[in-house]
**Student:** 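Okay, here's the structure, questions in a sec.
What you see below is based on every heavy atom in this structure, not just the backbone, and it leaves out hydrogens, waters and symmetry mates. In each ligand, atom 1 is the first atom listed, and ligand 1 is the first ligand listed.
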Amino acid sequence: MSMRSKLMVGNWKMNGSLTANASLVADILAGMPAVHCRAALCVPSVYLAQLQALLTASSIDLGAQDVSPHGSGAFTGEVSADMLHEFGVRYCIVGHSERRQHHAESDELVASKTQRALAAGITPIVCVGESLAEREAGQTEAVVKRQLAAVIHANGHCISEIVVAYEPIWAIGTGLTASPEQAQQVHAVLRAQLQAATAHADRVSILYGGSMNAANAAELLAQPDVDGGLIGGAALKAPDFLSMLKTASR
Ligand code: PEP
């Protein structure tokens, strides 16, 4: 839809080093003059200061991969939304399936994190998605609606300020991608759910994530409710990421 310019977000997960980051970002920045979509990089929190400096004066926004549901205090190991904001963070992934799986994050916890990000002026990228077993049991729509409902419930009219990422778990890091039709079907369900909650659902970018790469990005991005991508593996290779950014610029 024309009112939403595409948003392409790299999720570095737990990858990188000071040297590797500097070289990857330099290679990406060299190709940015040909890019005309919105772009962001979500990096490990220890590298936010490095990336803030590297991305200064570029059109790429800085993102984090998680945020504490608490404001401040005795929460050893956690990073608050205000701290992220202080380092120029514009986006924060919340509820990534790897965190839901390995850290037992509930829908309610994800909703709290979303609230904290919004209150700090950070755009949460709320991840939803079904497992293979859930898809095969015909539960895809029920699962993603339950996950998004918790976030809508906690955030009320602010919900138009979020970004949603539909990431089928079976497609993440597996090389299996949802077909453009499968993606669009779920994105349309999520759009309708947002429309029931806000008059501004057309402003919400709904990203697809799950083995998106330079070869399949165009057909996914051509779907009416696919407003961009959340990209893991392919975002770690400058030529691939740049190729996808250029595809999203058309
Ligand atoms: C992700 O981590 O959000 C993701 C989509 O990973 P990949 O692109 O590697 O499947």
**Student:** Check side-chain contact (heavy atoms from CB on, under 4.5 Å) between T114 and all other residues, then give those that pass, not counting sequence neighbours.
**Tutor:** V94, V110, L118, P124, V126, V151, N155, I162
**Student:** For the atom pair CD1 (I231) and CE (M8), what is the distance rounded to the nearest 0.5 Å?
**Tutor:**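 The CD1 atom of I231 sits 4.0 Å away from the CE atom of M8.
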**Student:** Q185: which residues meet the side-chain contact (heavy atoms from CB on, under 4.5 Å) condition with it, sequence neighbours left out?
**Tutor:**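 Q185 satisfies side-chain contact (heavy atoms from CB on, under 4.5 Å) with E141 once adjacent residues are dropped.
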**Student:** Name the residues in contact with ligand 1, where contact means a heavy atom under 4.0 Å away: which are they?
**Tutor:** N11, K13, H96, E167, A171, I172, G173, G209, G210, S211, L230, I231, G232, G233
**Student:** Tabulate below the donor-acceptor pairs under 3.5 Å that side-chain atoms of residues 69-76 make, not counting sequence neighbours, or state none.
**Tutor:**
none

**Student:** Does a side-chain N-to-carboxylate-O contact under 4.0 Å join R203 and D227?
**Tutor:** no
**Student:** Assess, by modelled atom type and distance only, whether the side chains of R4 and S205 contain a donor and an acceptor separated by less than 3.5 Å.
**Tutor:** no
